[in-house]
Amino acid sequence: MVKFALVAALLALLVSPLAVSASLPAPNVELTAGFPDSPFGNVVNGQRNKLVVSFSNKDTVSYTVSILSGVLVNPNNFTQIVRNLTALRYDTPIGTGETVDIPFSFHSEIAPQDLGLVVLVDFLDANGNSHRAVGFNSTVTIVDPPTSIFDLQLLFLYVVLAGVLGGIGYLIQQAFFGGAAKGKKKAKKVVEPSIGAAGAVDEKTTAYDESWIPDGHIKKSPVRQSPRLRNKKQ
Ligand SMILES: *[C@@H]1O[C@H](CO)[C@@H](O)[C@H](O)[C@H]1NC(C)=O
Ligand SMILES: *[C@@H]1O[C@H](CO)[C@@H](O)[C@H](O)[C@H]1NC(C)=O
Ligand SMILES: *[C@@H]1O[C@H](CO)[C@@H](O)[C@H](O)[C@H]1NC(C)=O
């Protein structure tokens with residue numbers, strides 16, 4: 001029992017420095033953050049998004065910022081990580097009473113949606129103890145980049161090309177089939193009055209459409225043939 005008590009006392013002694021450091025008052029720092037380049041605070045896919053964390057040291061000791069890390073999380077459950085962002089290393093001292101802006105740039109390639117963004121700031125005190133503070137913790141909207149001028153120019157080029165191809169197609173159509181189309185139209189125009197004046201219709205036209213020929217005309221041919229048949233018979 002005595003031995004155990006001794007060991008326990010030794011352990012307590014060994015652990016005590018850690019216990020003391022853990023119970024140190026939290027660093028008196030204030031962090032705020034924003035997207036200076038993104039007026040709506042949106043995260044844009046495929047480009048650099050710059051979050052700037054303002055670190056205000058209101059403490060009586062100086063600190064050194066060492067790491068900024070970020071995660072995109074489920075907006076309904078901030079413990080559920082959707083994407084880990086690349087952590088960035090710093091060695092930025094922040095003296096007593098100072099406020100320093102720390103840029104945290106990251107890229108996103110994720111379907112447009114609302115996600116939680118949590119950025120944590122790790123910083124060291126003069127004794128090398130690491131502390132952690134929340135730099136940003138809020139819902140952000142992931143958006144696709146706006147259509148660029150280059151895309152608009154490409155679209156314009158496609159429209160012009162389509163117009164040129166359409167024009168060429170029209171010319172080819174006119175050259176090869178335009179005449180035929182006109183001929184058909186002419187034939188129709190000739191055929192129509194032929195109802196009244198069958199004599200004006202040429203043989204080709206009557207061959208295409210005999211229905212235009214008045215009944216009297218069609219009945220005539222057997223009558224005309226009949227003398228020949230009679231001649232043969234005779
Ligand atoms: C939040 O996500 C964590 C990890 O994915 C999960 O264990 C937990 O059950 C979730 N909580 C809710 C309320 O959905
Ligand atoms: C994010 O990183 C943590 C640990 O670094 C890892 O456990 C987790 O699987 C990662 N999540 C994703 C979505 O990459
Ligand atoms: C971020 O905010 C959410 C609520 O909006 C909270 O549940 C979560 O604990 C916060 N995370 C951190 C690291 O402070």
Side-chain angles (χ1 to χ4, degrees), residues 11-148 150-151:
L11 269 174
L13 265 174
L14 280 170
V15 168
S16 59
L18 283 174
V20 168
S21 99
S23 66
L24 271 173
N28 187 9
V29 296
E30 240 178 55
L31 282 72
T32 57
F35 291 92
D37 302 335
S38 179
F40 303 109
N42 291 338
V43 170
V44 186
N45 277 328
Q47 67 186 46
R48 200 177 65 124
N49 295 280
K50 191 170 84 174
L51 179 79
V52 173
V53 178
S54 273
F55 190 115
S56 281
N57 182 358
K58 301 188 178 232
D59 219 326
T60 51
V61 294
S62 62
Y63 293 107
T64 302
V65 171
S66 56
I67 296 170
L68 262 67
S69 57
V71 283
L72 289 167
V73 299
N74 179 343
N76 303 312
N77 181 357
F78 272 57
T79 61
Q80 199 179 344
I81 295 171
V82 177
R83 283 279 195 288
N84 284 315
L85 302 176
T86 308
L88 300 177
R89 291 197 168 276
Y90 301 80
D91 187 15
T92 308
I94 299 166
T96 306
E98 271 187 347
T99 297
V100 175
D101 285 348
I102 306 153
F104 179 71
S105 295
F106 60 94
H107 277 81
S108 147
E109 285 298 348
I110 196 165
Q113 61 189 293
D114 282 353
L115 286 177
L117 172 64
V118 181
V119 174
L120 300 174
V121 179
D122 290 334
F123 55 100
L124 306 167
D125 61 25
N127 298 320
N129 296 313
S130 189
H131 305 269
R132 175 168 276 187
V134 178
F136 186 87
N137 182 18
S138 181
T139 302
V140 292
T141 303
I142 315 284
V143 297
D144 278 331
T147 313
S148 70
F150 176 74
D151 290 338

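Every number for a ligand or one of its atoms is a count from 1 in the order of the listing. Note that the structure is a prediction, hence the values are computed from the model and not measured.
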Check: Got a protein heavy atom sitting under 4.0 Å from atom 9 (O) of ligand 2?
Finding: no
Note to self: For atom 1 (C) of ligand 3, what is the closest protein heavy atom, and at what distance to 0.1 Å?
What the structure shows: N137 ND2, 1.5 Å
Notebook entry, point to check: Mind checking whether V52 and F104 have side chains closer than 4.5 Å, heavy atoms only?
Noted result: no
Check: Between I142 and N45, is any pair of side-chain heavy atoms under 4.5 Å apart?
Finding: yes
Notebook entry, point to check: Can you find a side-chain donor-acceptor pair between D122 and S130 that sits under 3.5 Å?
Noted result: no
Notebook entry, point to check: Atoms of ligand 1 less than 4.0 Å from Q80 heavy atoms?
Noted result: 2 (O), 5 (O)
Notebook entry, point to check: Between R83 and ligand 2, is there a nitrogen or oxygen pair with a distance under 3.5 Å?
Noted result: no
Item checked: Contact with ligand 2 for V71, non-hydrogen, under 4.0 angstrom -> no
Notebook entry, point to check: In the protein, what heavy atom is nearest to atom 5 (O) of ligand 2, and what distance, to one decimal place, separates them?
Noted result: N84 ND2, 4.4 Å
Notebook entry, point to check: Do any N or O atoms from the side chain of N49 and from the backbone of Q47 form a donor-acceptor pair under 3.5 angstrom?
Noted result: yes
Next item on the list: Return the residue, atom name and 0.1 Å-rounded distance of the protein heavy atom closest to atom 4 (C) of ligand 1.
Entry: T79 OG1, 4.2 Å
Check: To which protein heavy atom is atom 2 (O) of ligand 1 closest, and what is the distance rounded to 0.1 Å?
Finding: N77 ND2, 2.2 Å
Checklist line | Under 3.5 Å: donor-acceptor pair, side chain of N42, backbone of V44 | finding: no
Checklist line | Taking atom 7 (O) of ligand 3 as the reference point, the nearest protein heavy atom with its distance | finding: F78 CB, 4.5 Å
Check: Can you tell me if D101 and S54 form a side-chain donor-acceptor pair at under 3.5 Å?
Finding: yes
Notebook entry, point to check: Can you tell me the protein heavy atom closest to atom 13 (C) of ligand 2 and the distance?
Noted result: V82 O, 3.5 Å
Next item on the list: Give the numbers and elements of all ligand 3 atoms closer than 4.0 Å to a heavy atom of V134.
Entry: 13 (C), 14 (O)
Check: So do the side chains of P27 and Y63 get within less than 4.5 Å of each other, counting heavy atoms only?
Finding: yes
Next item on the list: Could you check F123 against Y90 for ring pair (Phe, Tyr, Trp, His ring centres under 6.0 Å), going step by step and ending with a plain yes or no?
Entry: CA-CA 9 Å; F123 55 100; Y90 301 80; over 10 Å; no
